[in-house]
Number of protein chains: 2
Amino acid sequence: MRRQAIRDDGTIDDGVSDLGHAVKSAVSRLYSRFRSERPDGDLGDGALEVLALLDRGGPQTLTALSEHHRVTPASMSQTVNRLASVGYAVRARDPDDGRRVIIRATPMGKRLSQAARTRRNAWIDDRLGELSDDERETLAAAAVILKRIADA
Amino acid sequence: MRRQAIRDDGTIDDGVSDLGHAVKSAVSRLYSRFRSERPDGDLGDGALEVLALLDRGGPQTLTALSEHHRVTPASMSQTVNRLASVGYAVRARDPDDGRRVIIRATPMGKRLSQAARTRRNAWIDDRLGELSDDERETLAAAAVILKRIADA
DNA sequence: TATTGTTATACTCTATAACTATA
DNA sequence: TATAGTTATAGAGTATAACAATA
């Protein structure tokens with residue numbers, strides 16, 4: 001009889017090739033954990049990621065933002081609405097193409113983005129500090145691969 | 001002058017220790033990608049993950065489900081409402097403690113869960129198939145570490 | 001006509017607050 | 001009193017459909 005074990009997520013580990021599930025499960029669980037460890041009072045994830053891109057990558061059109069974050073332009077327009085309503089971003093017409101809208105972070109939005117990044121990385125930084133050097137190297141290598149897959 | 005590069009997410013890679021950001025960014029980007037690659041017609045992520053746990057891990061109390069998924073009992077109660085409203089899960093009173101509610105997947109819910117898992121792993125399985133053996137080993141090792149961090 | 005963006009509407013998932021029922 | 005669960009309400013984030021403005 002084959003050895004079986006119930007994983008933390010309730011699925012069965014039967015020893016068969018199952019890397020896809022392992023990666024998806026680890027990513028989903030860790031993403032949930034990031035959410036539950038999120039400091040109160042911050043913007044939501046979507047809005048903060050858009051603000052970070054505007055802060056560090058410069059002004060962007062709505063379409064560029066929506067493609068980068070893999071959401072529809074309609075969804076991104078609403079995220080920009082949220083950022084604009086609290087003064088963290090502003091819209092301006094593109095002078096070269098009146099159909100385009102250029103979105104940029106305000107100085108207040110940039111300050112918020114930078115402060116939030118430090119706050120929100122605190123939890124994962126603490127966890128990584130508890131690992132061995134070998135484990136950190138593994139994660140550094142894996143992060144590169146995962147990023148490449150995500151952006152392919 | 002220090003070499004700098006703008007990352008895909010718009011932040012600056014200044015070569016300084018930054019593993020926390022790399023991991024968080026890779027996980028967030030990949031999670032977004034999972035969402036955008038999700039087949040139409042499936043349940044949402046939260047509901048499907050609960051259904052998978054009920055299918056493979058057996059019946060659970062509401063509190064157990066909410067703790068496993070790191071959400072409030074109130075949130076989990078609503079996710080169970082969604083599953084129950086379409087016939088994928090049912091509630092029953094715990095005969096030993098009338099305060100408790102036992103939630104279990106119906107046969108239809110179990111079938112849906114198993115079919116959905118295959119559908120939803122198809123994208124990541126394809127991507128992993130394009131990697132080298134070394135890269136897959138790195139991801140397998142990283143998945144274990146990330147899972148441990150997420151569940152700590 | 002094609003492209004860019006917006007608004008209206010709706011669904012999922014989450015939270016807090018206030019509540020009921022049982023121990 | 002403490003524990004287990006629910007409902008009401010609200011907000012973020014997502015989608016599709018229908019629309020306006022510009023190229």
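Naming convention: chains lettered A, B, ... in sequence-line order (proteins, then strands); numbering from 1 in each chain. The shown structure was predicted, so the numbers you read here are calculated from the model rather than taken from an experiment.
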Supply the atom-to-atom distance R104(B) CZ to R91(B) CZ, rounded to the nearest 0.5 angstrom.
13.0 Å
Verify the contact: side-chain N or O of T72(A) to OP1 or OP2 of dA15(D), cut-off strictly under 4.0 Å; return yes or no.
yes
More 5' along DNA chain D: I103(B) or M76(A), using each one's nearest nucleotide?
I103(B)
Is it the case that the side chains of T79(A) and R82(A) hold a donor-acceptor pair, with the cut-off being a distance below 3.5 Å and no angle test?
yes
Flag for S28(A)-S25(A): side-chain donor and acceptor within less than 3.5 Å:
no
Please give, in whole Å, the distance from dT14(D) C1' to R70(A) CZ?
16 Å
H69(B)-R29(A) side chain donor-acceptor pair, cut-off 3.5 Å:
no
Looking only at side-chain N and O atoms, does S66(A) offer a donor or acceptor that is under 3.5 Å from a partner on T63(A)?
no
Rounded to whole Å, CG of L51(A) lies from P of dA12(D) at a distance of 15 Å
As a test of reading the structure: which of dT6(D), dT3(D), dA15(D) is closest to the side chain of R99(B), going by heavy atoms?
dT3(D)
Would you mind reading off the distance between Q78(A) atom CD and dA17(D) atom C1', rounded to a whole angstrom?
13 Å
Walking along DNA chain C from 5' to 3', note the first and the last nucleotide with an atom under 4.0 Å from a heavy atom of chain B, and give both.
dT12(C) to dA23(C)
Roughly how far, to the nearest 0.5 Å, is CZ of R70(B) from CD of E37(A)?
7.0 Å
With sugar-phosphate meaning primed atoms plus P, OP1 and OP2, does R82(A) contact a base, only sugar-phosphate, or nothing at under 4.0 Å between heavy atoms?
base
Need one value for R91(B): base, sugar-phosphate or nothing, where a base atom within 4.0 Å counts as base even if backbone is also close, heavy atoms only.
sugar-phosphate
Under 4.0 Å: is that the gap between some side-chain N or O of N81(B) and OP1 or OP2 of dT7(D)?
yes
Under 4.0 Å, counting only non-hydrogen atoms across every strand here, what does D94(B) touch: a base, just sugar-phosphate, or nothing?
nothing
Check whether any side-chain N or O of R100(B) sits under 4.0 Å from OP1 or OP2 of dG5(D), and answer yes or no.
no
Classify A74(B) by what it touches in the nucleic acid, base, sugar-phosphate, or nothing, heavy-atom distance under 4.0 Å.
base
Return no unless some side-chain N or O of S77(B) is found under 4.0 Å from OP1 or OP2 of dT6(D).
yes
Which part of the nucleic acid, if any, lies within reach of T63(B) when heavy atoms closer than 4.0 Å are counted: base, sugar-phosphate only, or nothing?
sugar-phosphate
Would you compute the distance between atom CG of N121(B) and atom CG of D18(A) and round it to the nearest 0.5 angstrom?
7.5 Å
Do the ring planes of W123(A) and F34(A) sit parallel (below 30°), tilted (30 to 60°) or perpendicular (above 60°)?
perpendicular
Quick check: on DNA chain C, is the nucleotide nearest R35(A) upstream (toward 5') of the one nearest R93(A), or the reverse? Name the residue that is more 5'.
R93(A)
Nearest whole Å is fine: how far is dT3(D) C1' from D96(B) CG?
16 Å
Whichever of H69(A) and G98(A) has its nearest DNA chain D nucleotide further upstream toward 5'
H69(A)
Between atom CZ in R38(A) and atom P in dG11(D), what is the gap in whole Å?
15 Å
Nearest whole angstrom, please: distance from the C1' of dT14(D) to the CG of D45(A).
14 Å
